Amino acid sequence: MIRRVLPHGMGRGLLTRRPGTRRGGFSLDWDGKVSEIKKKIKSILPGRSCDLLQDTSHLPPEHSDVVIVGGGVLGLSVAYWLKKLESRRGAIRVLVVERDHTYSQASTGLSVGGICQQFSLPENIQLSLFSASFLRNINYLAVVDAPPLDLRFNPSGYLLLASEKDAAAMESNVKVQRQEGAKVSLMSPDQLRNKFPWINTEGVALASYGMEDEGWFDPWCLLQGLRRKVQSLGVLFCQGEVTRFVSSSQRMLTTDDKAVVLKRIHEVHVKMDRSLEYQPVECAIVINAAGAWSAQIAALAGVGEGPPGTLQGTKLPVEPRKRYVYVWHCPQGPGLETPLVADTSGAYFRREGLGSNYLGGRSPTEQEEPDPANLEVDHDFFQDKVWPHLALRVPAFETLKVQSAWAGYYDYNTFDQNGVVGPHPLVVNMYFATGFSGHGLQQAPGIGRAVAEMVLKGRFQTIDLSPFLFTRFYLGEKIQENNII
C-alpha cells in the first residue's frame with residue numbers, strides 16, 4: 001500500500017474560513033487553490049518525480065562491508081586490492097570516506113613523488129620493489145573508454161651521499177638492498193666526480209646509486225588513476241568526516257588471567273560536508289587510512305583509552321609533521337640525467353621538468369619542527385637551513401633563484417618512523433594503513449595489497465609485514481628505518 005503524504009501547505013491552514021468568503025465558507029480563490037493542489041498531488045504519485053522529497057544522493061549508503069577512512073593514495077590502494085582480490089565481482093561493498101575531494105591538503109598531491117629501494121629494512125625494500133613493478137605495469141588501472149594513464153616516470157635514480165661516520169652503515173644497507181633484489185651500486189668520491197662533474201665531494205666518503213626502478217613520477221596522476229579505477233570496480237565515495245564509531249565491548253581473560261576488553265565497530269557516523277547532517281553506516285570492517293590524522297580516528301574507536309603501560313592504553317603514535325618543498329631555477333645547474341640527490345646534511349633535490357628548474361628541501365631536526373596547524377611556508381628555513389648545504393654540494397646552486405614553495409604533511413610515526421599495517425589487537429575490526437613518515441606514496445601499491453590480504457585471508461601473503469603490526473608499540477619493539485628523507 002502506498003502512503004501519500006500531503007505536501008507542505010495542504011493542512012487545515014489552507015482551508016481557513018475568513019470574512020469575504022462565498023457560500024460554503026471558503027476563500028474566493030478556491031479554483032486556483034484546487035489547481036495548485038492537483039499539481040502537488042500529481043507530483044508525488046508513483047512514477048512521477050517529486051521536488052518536495054529530499055535529495056539523498058550525497059549521503060553514503062546505510063550499509064557497507066568495508067568503510068575506508070581516507071581517500072588518499074593509501075586508502076584508494078586498499079580499495080583497489082579489496083576489489084581485485086574479492087572472490088567474485090561485487091562480493092564486497094566498499095565505501096571510501098574523504099573529507100576533502102579537492103585533495104588540497106592531502107599528502108599525496110603535495111609529495112615530490114619519489115620512489116627508491118635504498119632503505120635499511122628488508123620490508124621497506126620489498127614494498128618499493130613491488131610498487132616499482134606495479135607502476136611499470138600501470139595498465140592495471142586502465143578503464144574502458146578512458147584515456148591511458150601517463151605517470152611521467154623519470155627513471156633517473158636516487159643518489160645517497162654518506163660521510164665518513166655513516167659510510168659503514170651505507171655499505172651494510174646496500175648489502176641488504178642487493179639481497180632483496182634491488183640494483184644499487186656503491187661509488188667512491190672519484191667515481192662520483194667522474195659521473196657527476198657538477199658535484200662537490202667534500203665531506204663525502206661513499207655514495208649509493210640506484211640504477212633501476214628508481215626516480216620520480218606524478219603522484220596526482222596515480223591518485224586520479226586509482227580513484228577512477230576503483231569507481232569502475234564499484235567502490236562508493238562519500239565526501240564527509242567520520243565523527244563517531246558505535247561499538248560493542250566484550251571482556252576477555254588472557255592466558256595469564258589478565259582482563260582485556262575487545263571492541264568491535266558496528267557503525268560509522270559520517271558528518272556531511274558543510275552540514276550538521278550525519279549518516280550512520282553499518283559496517284563489518286573499518287580501514288584507518290587517514291594519514292596525518294589517523295591517530296584522531298583511532299582515538300574515536302577507543303584506541304589508547306586505558307591505563308598507561310597497558311595494551312588498552314597504547315595510543316597510535318602518528319601525528320602531522322609539516323614539510324616544506326621549494327622550487328628554484330638555476331640555468332647552470334646539473335643536467336637532464338641528474339638523480340634525486342640526498343646530501344649528508346639531509347638536504348635533497350631533483351630536477352623538475354626540462355627548464356633548469358629543481359625542487360627540494362630538508363627535514364627539520366626535532367628542535368626545528370614547525371607548527372603543523374597550517375601549511376604556510378617558512379622561506380627563511382630555505383635560506384638558513386637548506387640553501388647553504390645545496391650550494392656547498394652543487395656550486396652552481398650559489399646563484400639559484402627560488403620560484404615557489406609549498407608545504408605538506410607527513411603522517412609521522414614518532415615511535416620508529418615506519419608504517420602501521422594490519423589489525424588493532426583490541427579493536428578487532430579496525431585495520432591500519434598509516435604512519436609511513438614520508439614514504440607512503442611510493443609504497444602504496446604494496447601496502448594496499450597487504451591490508452587487503454589481511455582482511456580477506458587473515459594473514460599477509462605477498463610480503464610479510466608482521467613487524468609493522470600495532471602491537472610493537474606496546475611491546476616497545478622498534479624497527480628503525482635509517483633512510484628517511
Side-chain angles (χ1 to χ4, degrees), residues 54 56-83 86 90-101 103 106 226-227 230-231 233-250 261-305 312 315-316 318 411 420-435 447-448 451-452 454-456 470:
Q54 186 178 8
T56 60
S57 61
H58 66 293
L59 294 177
E62 294 181 355
H63 309 274
S64 182
D65 298 308
V66 180
V67 174
I68 299 176
V69 185
V73 71
L74 278 165
L76 294 176
S77 179
V78 175
Y80 169 79
W81 286 109
L82 283 171
K83 298 303 288 182
E86 63 185 349
I92 305 171
R93 193 177 206 190
V94 179
L95 169 69
V96 175
V97 180
E98 169 57 47
R99 62 181 180 180
D100 178 17
H101 279 194
Y103 295 98
L226 276 168
R227 183 179 171 93
V230 300
Q231 283 181 305
L233 296 174
V235 172
L236 304 174
F237 281 81
C238 168
Q239 182 173 0
E241 184 173 359
V242 172
T243 58
R244 184 184 175 216
F245 295 112
V246 177
S247 309
S248 61
S249 300
Q250 182 180 7
V261 177
L262 300 181
K263 290 187 176 181
R264 179 174 292 276
I265 299 168
H266 298 283
E267 197 172 86
V268 179
H269 285 196
V270 181
K271 179 179 172 294
M272 307 306 3
D273 186 45
R274 294 186 296 274
S275 171
L276 297 177
E277 183 181 21
Y278 80 90
Q279 171 75 31
V281 182
E282 293 182 11
C283 64
I285 299 288
V286 173
I287 310 292
N288 186 344
W293 298 272
S294 53
Q296 299 172 20
I297 298 300
L300 287 177
V303 173
E305 291 181 359
Q312 284 179 271
K315 300 179 184 296
L316 178 66
V318 175
D411 52 341
V420 191
V421 184
H424 188 271
L426 299 180
V427 184
V428 295
N429 60 338
M430 172 172 275
Y431 292 73
F432 296 106
T434 187
I447 294 298
V451 174
M454 183 60 81
V455 169
L456 299 176
F470 182 95

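These numbers come from a predicted model, not from an experiment.
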Q) Are side-chain heavy atoms of F237 and V230 found at a separation under 4.5 Å? A) yes

(Q) Using 30° and 60° as the class boundaries, would you call the ring planes of Y278 and H269 parallel, tilted or perpendicular? (A) parallel

(Q) For the CG atom of N429 and the CD1 atom of I285, what is their distance to the nearest 0.5 Å? (A) 5.5 Å

(Q) I need the single residue from R99, H101, Q239 that forms a side chain to side chain donor-acceptor pair (under 3.5 Å) with D273. Which is it? (A) Q239

Would you tabulate the side-chain donor-acceptor contacts of residues 241-249 under 3.5 Å, counting partners in other chains and residues two or more places apart, or write 'none'?
{"residue": "S248", "atom": "OG", "partner": "H266", "partner atom": "NE2", "Å": "2.7"}

Q. When rounded to the nearest 0.5 angstrom, what distance separates CZ in R264 from CE in M430?
A. 12.5 Å

Q.
Return the CG to CG distance between L82 and D65, rounded to the nearest 0.5 Å.
A. 10.0 Å

Q. Minimum heavy-atom separation for A292 to D411, with atom names?
A. N-CB, 3.4 Å

Q) Can you name the nearest heavy-atom pair linking P60 to V270, along with the distance? A) CG-CB, 4.3 Å

Q: Can you run down the side chain to side chain donor-acceptor pair (under 3.5 Å) pairs that involve residues 280-291, sequence neighbours left out, and say none if there aren't any?
A: H63-E282

Q.
Would you compute the distance between atom CG of L236 and atom OG of S64 and round it to the nearest 0.5 angstrom?
A. 6.5 Å

Q: Look up atom CD1 in I68 and atom CG in L76, then write down how far apart they are to the nearest 0.5 Å.
A: 7.5 Å

Q | C238 side chain near Q279 side chain, heavy-atom distance below 4.5 Å | A | no

Q: Provide the closest heavy-atom pair for V427 versus A301 in the form atom of the first, atom of the second, distance.
A: CG2-O, 3.7 Å

**Q.** Contact summary for K83 and I92, nearest pair of heavy atoms
**A.** NZ-O, 2.7 Å

Q.
Please check: side-chain N/O of E86 versus main-chain N/O of G90, any donor-acceptor pairing under 3.5 Å?
A. yes

Q | E305 side chain near K263 side chain, heavy-atom distance below 4.5 Å | A | yes

Q: Decide yes or no for F470 and P425: does some side-chain heavy atom of the first lie under 4.5 Å from some side-chain heavy atom of the second?
A: yes

Q. Which atom names give the shortest non-hydrogen contact between K315 and G304, and what distance separates them?
A. NZ-O, 3.7 Å

Q. Would a 4.5 Å heavy-atom cut-off, applied to side chains only, mark L316 and T434 as touching?
A. yes

Q. Given side chains that start at C-beta, do those of L95 and P61 come closer than 4.5 Å, heavy atoms only?
A. yes

Q) L74 versus I447: any side-chain heavy-atom pair under 4.5 Å? A) yes

Q. How far apart are the closest heavy atoms of V96 and G70, and which atoms are they?
A. CG1-O, 4.0 Å

Q) Do the side-chain N and O atoms of Y103 and R227 include a donor-acceptor pair separated by under 3.5 angstrom? A) yes

Q | Sub-4.5 Å side-chain heavy-atom contact between V69 and E98 | A | no

Q | Between CD on residue Q312 and CG on residue L262, distance to nearest 0.5 Å | A | 8.5 Å

